[in-house]
Amino acid sequence: MSGPNTNYDPVEVSALDPENVDAAVADALTAIAAAASLDDLKAVRIAHQGERSPLALANREIGALPPSAKAEAGKRVGQARGRVGAALATRQAELEAERDERILVEERVDVTMPVVRRPFGARHPIELVAQRLVDAFVGMGWEVAEGPELEAEWLNFDALNLGPDHPARQMQDTFFLDPVDSGLVLRTHTSPVQIRTMLREDPPIYIVAPGKVYRTDDLDATHTPVFHQIECLAVDKGLTMAHLRGAIDAFVKIMFGEGTRTRVRASYFPFTEPSMETDFVCFACHGDPGPDGCRTCGGSGWIELGGSGMVNRKVLQACGIDPDVYSGFAFGLGIERALMLRHGVQGMHEMVEGDVRFSRQFGMEV
Amino acid sequence: MRAPLTWLAEYTDLAAGARGVDVAASLVSVGLEEEDLHGGDITGPLVVGRVLEFEETIQKNGKPIRYCVVDVGQNGQMVTEGRHQEIVCGATNFEVGDLVVVVLPGATLPGGFHITARKTYGRMSNGMICAEDEIGIGHDHAGIIVLPRLLGEEHVADVKPGDDAIALLGLGEETIEANVTPDRGYCFSVRGLAREYWHSQGSPAGGFRDPALIETPQPNESGHPVVLRDEAPLDGVPGCDRFVARVVRGVDAAAPSPAWMQKRIAQMGMRPISLAVDVTNYVMLALGQPLHAYDLDTLGGPIVVRRARSGEKLTTLDDVERTLDPEDLLITDAGDGGEGGEGGEGGSETVLGLAGVMGGASSEVSATTTNVLIEAAHFDPTSVARTSRRHRLVSEASKRFERGVDPAIPAAAAEMAARLLVEHGGGQIDPGVTDLDHTSRPHAFRLELAEPSRIVGVDYPRERVLQVLRDLGAEVRETEDERYVEVTPPSWRPDLVNDSPAPDYAEEIARIDGYNNIPSITPTPTEGRGLTHGQKTRRVVADALAGAGFTEVLSYPFVAPELADQLMLPADDDRRRAVRLANPLSEERPLLRTSVLSSLVDVLRRNISRGQKDVALFEMGLVFRPGGPLGRAPLPSVAHRPSEAELEQLYAAVPAQPRRVGIIATGLAEQAGWWGSGRLVEWSDMVAAVEAVAAALVVPVVVSADADHAPWHPGRCARITLTDGTLVGHAGELHPKALSALDLPPRTVAAEIDVDVLTTASDRAVQAAPFSTFPAALTDIALLVRSDVPAGDVESALRRGAGESLESVTLFDVYEGDRIEAGHRSLAYRLTFRAADRTLTTDEVNGFRDAAVAEAARAVGAVQR
């Protein structure tokens, strides 16, 4: 290094010679292009852009030039350094992108491996079917009512116009508590909930009552001593059998889909008068079983839903509701049956045994 | 109730070309549910055969098999070779020479059962000898049909091998079977079904021919004496209010009933027996009036209808000796002592039968009976129902009387029977006619003509209502006020006689007009309040548990008395106080559960027995907690609302039934897999499950140790309470001895919690607490405490001492070992502090920490390490 020399001939400063500058740039660009990794590029950067790189050295020489030559040399070297710097940045970006991509590939896992460490739980489909029906009725403005399963005989029978001589009160059907004169039974239907509600509340009453009921049947494909019913009761001014049909139709649609047609016929139940049986058109064959028949409805095109009717005046009277002012209707059905029909459950055993494999099929919503 | 179409057609006009399905559908439209269709479904050769010979061998399965040669006349398939039909038969109730029913290859039996020649038991069987059930005339499958036994020797006199058995047995005719509801007793007759069918066709004028409309002679004094002496009517209703007795003398005891009658009786699903019995059954089936035929020569004196005396006995026609109850209504023969004879003084007083239920053996008509007394009576439905049930004796007669028989037709029924007897058995009808008639016509009811429309929701014109009422057989009298009519129901409709029959009439109008004309109108309640808090709580609890990996199941609540011991419940434990069923399904399980776990264990065991190793279950349901001996629930009058006192008594008599959740699990809580080994369930999973439920309901709970709560492990049982100490339930590992007694795997864990308690505790609007946005400050401490100090107590002390800036306490390490004092453990906690209004300084945090440690030192003797 020397001090300024005004007599200096720029041609003699070889580092600033245009050919040499171009050569340095060419070397740098070659090295940059050849850098295969970020580490390589780091070395290239030091070699070609670092303090000891040819262009840095050339740059330093500019100061020694006479002012007349400085501008041109400065411009030449500046452009050269700019080209190298841009190439480095481009290559840096390229290599970083390559690295990022490689890492994402290297970090790949097999997402198809089994991952569930804790088995999933599930609700019992009986409860889910009841919820489905209840929710739809609550949506229409009805309320849910409940009562005990161990019930007073009066509420289970007498108040429902099932007098002392009614066959259901014999031991063949009903679980009686010991001692028998305790007047207590395991409820044989959800209807005592109707009575409790009517004794507690003034009309208008619109309730849906799901629950467990008991009969002295041994477990077989179609019977179980413990099963579930859901029943609806409405008591209001001016209710007719047309409203009963309307409520039943709503029920059927919730369970078996829009447009499920029903047909009705006269029947008999002590707690209703007039009484009605409802069939709905088979959801499997849509009423047309065809020549091969239909397994769901047995080939008739219709499926029996359950009994219903206008609340017997005697029942209203026993609950202190004036039958000349109010009328009511009630209907109900077995939830097990609905589950069998809608979900193709084959028999009672699966529904009552508590085998986890049964409930798990249904998850949390039916 | 069945009815052959040909029989129905005698009483009403069937629609042109109507087949069984059509008739059944018509009956459905007026409220008679179709039960079945019989007959008309056998095609192909079904013929009479005569067994010529057979060879019986015992098979390997111990079953005798007969290789038979049967003469089937010209139908024989090898008849041109001079050989008779060879048929293999599994029945043994026949002899060589018997006439039987043979179905030949090519035929189809009911149920689409095609008959082909096939090899069975080593030989070709060219058809089948039929049993009753196979050709749909009965349910008997004990043996094959032997025709003389089925039809009577006389009726097969002209029958020869090869005759068409379809015609012989009436199998070509269709018989419908309808399910009759209890209010329609009159439909237990062809008369009733014909009337209903007529209604289904629009009740065309002249379209119904009432078979009970026959001329009957006037009653007189010379008939067989009958005394109605009911000294103890049930509810004031006399047991018998009409008694018709007719006598036919000189009947040929050997005369058979005519083939057509036998055929009909068989079509109705009954069995022809003898002329006298067949005639009474035939008339009953035709009109619905049960009759009884007595051998007049066995009667010594007047017939007395009275209640039984205590201790009296009767051997009924089914050969069962029955001890009678003073409520039983009897038909008795006063004997030659006359009806004055009391209590057997005359010596020859005889009980003839249980009125309206079944006759006795002694006066039964027999093969030598020539003089017959026909009884056609009307009995109180309640009396018959109770007797029938008391003696577990259901007969064709009791079925009808229970549901109500037309009191107007006994005379016609007796007349019809007497005529049939004479027509087919000879003899003469006695001029004496006994008819004690205490029946009265039902009162007229004032019906508001708009009432049916109001009930049904269909606008029935006045004329339509009047027309239907008349078609029903009611007598309708118009009144000055044309909005009302006076209606007297027909005698065969006792169901229309009650205090307020308007709804019954409405049903009749709707039914005859067509139920399907009723429109469908969705009711629109306006005040629905949605689910109650309790109902929502239950869903939250169940969903939280299902979400935590438990599967919901349902179990029967019936438990064995020994279960309390298996659960190791102490002698004075409330859960031993269970209610007992008077009539359990199984004598081994007469009690109702007092905890959900009591029956949930059965479900766990069943799952394990089916090969499930890792099972986590829950059930939500009621448990039955009587508290003390059962009281007596009253049975107040149903004529009006019970008094408040009666209601209180009624509700109080019903034992408490809290709703509980039982949880039980065994096996792995987390599965083994490529990630490593699994983790077995442990006590903490149960506490965590309960905490998950409580958290879902935002109910703070306190966990403490409970060393004394069966059936849990004394060292691994958590007692969970509300902050006010109310018990929520228990959770943890079950006692090893209980598990072994219950036959459950070791280390099974369980919890049971009271949903009602959680419901009450969560029934409030949760208030939002403000939370700070300033930074949190963390500080860790390690405390040395005695090993028997519960971590829960340490944490409580820290919380108390730390003050309100404490945000959370986390126990992040527990150390027990030789680096610390024996009998102690080190608990490492991270305390997080945060102030509502500022960033805490280090000095402040240290101060809070020291206060927390100081409180722990004071409360549980903790020493900071």
Side-chain angles (χ1 to χ4, degrees), chain A residues 113-114 117-119 121-124 138 141-144 148-150 152-154 158-159 165 170-171 175-178 180-184 206 216 218 225-226 234 240-243 245-247 249-250 263-268 273-274 310 313 317-320 353-356 359-360 364, chain B residues 28 31 181-183 382 385 389 455-457 500 503-504 506-507 510-511 515-516 518-523 525 528-531 535 542 546 549-556 579-583 585 603 606-607 612 615 622 624 630 632-633 635 638 641 650 653-655 657 670-671 673-674:
Chain A
M113 289 196 293
R117 294 164 206 222
R118 295 180 69 115
R123 300 289 315 275
H124 196 281
V138 166
W142 296 58
E143 294 186 1
V144 182
E149 291 165 15
L150 175 50
E153 233 179 298
W154 189 86
D158 300 68
D165 284 311
Q170 310 309 308
M171 289 248 193
F175 285 111
F176 285 83
L177 273 288
D178 183 40
V180 171
D181 65 4
S182 64
L184 296 171
Y206 289 87
T216 56
D218 284 307
V226 185
T240 68
M241 293 177 82
H243 296 109
R245 270 202 92 168
D249 284 354
R263 70 175 183 191
V264 290
R265 59 201 145 88
S267 189
Y268 171 79
E273 188 71 45
M310 302 304 289
R313 290 173 63 93
Q317 266 160 8
C319 297
E353 283 172 341
D355 194 311
V356 289
S359 291
R360 278 192 197 144
M364 306 273 286
Chain B
V28 166
T181 50
D183 58 332
T382 305
R389 238 165 265 138
I455 292 171
V456 181
S500 46
D504 303 79
E507 175 170 307
R511 177 171 85 83
Y515 258 41
N516 285 308
I518 302 172
S520 175
I521 300 173
T522 309
R529 292 163 293 184
L531 295 179
Q535 289 155 357
F550 296 91
T551 299
E552 185 173 31
V553 295
L554 301 168
S555 64
Y556 291 166
V579 287
R580 180 181 289 268
L581 293 173
N583 54 334
L585 274 186
V603 180
R606 185 174 302 125
N607 275 286
Q612 307 283 332
V615 190
L622 301 188
F624 305 88
L630 292 184
R632 189 179 290 196
L635 293 172
V638 291
R641 181 189 166 94
L650 198 60
V654 177
Q657 295 161 60
E670 285 171 20
Q671 297 297 307
W674 55 267

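FYI, side chains are in, hydrogens and waters are out, and symmetry mates aren't considered; it's all heavy atoms of this structure. Residue numbers start from 1 in every chain, and the chains themselves are labelled A, B, ... in the order their sequence lines are given, proteins ahead of strands. What you are looking at is a predicted structure, and each value in this text was computed from that prediction instead of being measured.
Contact check for B:T522 versus A:D249: no side-chain heavy atoms found under the 4.5 Å cut-off. Looking only at side-chain heavy atoms (C-beta outward), A:L177 and B:L581 come within less than 4.5 Å of each other. Inter-residue side-chain proximity for B:P503 and A:R313 is flagged as met; some heavy-atom pair is nearer than 4.5 Å. For the pair A:L184/B:P655, a side-chain contact is recorded, criterion being any heavy-atom separation below 4.5 Å from C-beta on.
Using a 4.5 Å cut-off between heavy atoms, B:N607 touches chain A through its side chain atoms alone. For chain B, the nearby parts of A:M113 are the backbone and the side chain; heavy atoms of each come within less than 4.5 Å. Only the side chain of B:V615 comes within contact range of chain A, judged by heavy atoms closer than 4.5 Å. Contact annotation for A:A234: neither backbone nor side-chain heavy atoms come within less than 4.5 Å of a heavy atom of chain B. Heavy-atom distances place the backbone of B:S555, and not its side chain, under 4.5 Å from chain A. Contacts between B:L635 and chain A at a heavy-atom distance below 4.5 Å involve backbone atoms as well as side-chain atoms. Proximity to chain A is absent for every atom of B:A385, based on heavy atoms less than 4.5 angstrom apart. Only the side chain of B:F624 comes within contact range of chain A, judged by heavy atoms closer than 4.5 Å.
The pair B:R606-A:D355 fails the salt-bridge criterion, with no side-chain N (NZ, NE, NH1 or NH2) lying under 4.0 Å from an Asp/Glu carboxylate O.
Side-chain atoms of A:W142 never come within 3.5 Å of backbone atoms of B:P525 as a donor-acceptor pair (strictly under, hydrogens ignored). Looking at A:E143, its side chain does come within 3.5 Å of a backbone N or O of B:R529 through a donor-acceptor pair.
With rounding to the nearest 0.5 Å, the separation of CG in B:N516 from CZ in A:R263 is 8.0 Å. The structure places OH of A:Y268 at 8.5 Å from OG1 of B:T181, a figure rounded to the nearest 0.5 Å. Annotation: the span from B:L650 atom CG to A:D158 atom CG amounts to 9.5 Å, rounded to 0.5 Å. Taken from CG in B:L622 to CD in A:E149, the straight-line distance is 4.0 Å, to the nearest 0.5 Å. Separation of atoms CZ (B:R511) and OG (A:S267) is listed at 11.5 Å; rounding is to 0.5 Å. Put simply, CZ on A:R118 and CD on B:E670 are 5.5 Å apart, with the number rounded to the nearest 0.5 Å.
With chain B as the partner, the residue from A:M364, A:M310, A:Q317, A:R123 showing the most heavy-atom pairs under 4.5 Å is A:R123. For the set B:V579, B:I455, B:L531, the count of heavy-atom pairs under 4.5 angstrom toward chain A peaks at B:I455. Chain A forms the most heavy-atom pairs under 4.5 Å with one residue out of B:V603, B:T551, B:V553, and that residue is B:T551. Counting heavy-atom pairs closer than 4.5 Å to chain B, the top residue among A:R360, A:E153, A:H243 is A:H243. Comparing B:G530, B:A506, B:G549, B:G457 by how many heavy-atom pairs each has under 4.5 Å with chain A, the most go to B:G549. Across A:A318, A:G320, A:P119, A:C319, the residue that shares the most heavy-atom pairs under 4.5 angstrom with chain B is A:A318. Between chain A and the options B:A653, B:G673, B:P519, B:G31, heavy-atom pairs under 4.5 Å are most frequent for B:P519. Note: A:A266 leads A:A266, A:G183, A:P148 in heavy-atom pairs under 4.5 Å with chain B.
In plain terms, the two heavy atoms of B:V638 and A:W154 that are nearest each other are CG1-NE1, 3.6 Å. Listed here is the closest heavy atom pair of B:S520 and A:G246: OG-CA, 3.2 Å. B:W674 approaches A:R117 most closely through the heavy-atom pair CH2-NH2, 4.4 Å.
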